[in-house]
Structure formats: structure tokens, C-alpha cells
Amino acid sequence: MSGQDLPDGVDEETVTRMMRRVLEAEKDKLHMGNPIGINDDIESIIEDEIK
């Protein structure tokens with residue numbers, strides 16, 4: 001994602017940190033057949049990073 005595609009008030013560093021956290025959350029639940037709560041985890045990460 002380039003800088004011009006980012007929403008107002010969100011910089012590339014924030015997006016990079018957020019994506020790393022989301023990928024780590026997904027990795028932690030990868031072993032599950034049905035990764036319960038992953039959507040809530042991702043939503044929480046995004047909300048935390050953009051506030």
C-alpha cells in the first residue's frame with residue numbers, strides 16, 4: 001500500500017505494525033480447524049492501531 005492510498009491520519013509505519021500484529025494473531029490460530037475469535041482479534045488490533 002503506498003502512502004497515497006492510506007486513510008487520513010494513518011501512516012505507513014502504523015499500517016506495517018498493524019499488519020504484523022494481524023499476521024501474528026492469524027499464525028497463533030493457524031493450528032485450529034476453525035479459528036474461533038480471529039475476526040474479533042483482528043478488529044481489536046485495527047481499532048487499537050488507528051486510535
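If you read the sequence from its start, that first residue is 1, and numbering goes on from there.
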Looking at Glu47, I want to see if its CD is surrounded by more than 12 non-hydrogen atoms of other residues, nucleotides or ligands under 6.0 Å.
yes
What pairs with Ile46 under side chain to side chain contact (heavy atoms under 4.5 Å, CB included), at least two apart in sequence or on another chain?
Met18, Ile42, Ile50
Can you list the residues that meet the side chain to side chain contact (heavy atoms under 4.5 Å, CB included) rule with Thr14, with sequence neighbours excluded?
Val10, Asp11, Arg17, Glu49
Hey, could you give me the CE/CD1 distance between Met19 and Ile45, rounded to the nearest 0.5 Å?
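Going from the CE atom of Met19 to the CD1 atom of Ile45 covers 12.0 Å.
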Donor-acceptor pairs are to be reported for all side-chain atoms of residues 26-36 against protein atoms at under 3.5 Å, with residues two or more places apart or in another chain.
residue	atom	partner	partner atom	Å
Lys29	NZ	Ile36	O	2.7
Lys29	NZ	Asp41	OD2	3.3
His31	ND1	Asp28	O	3.3

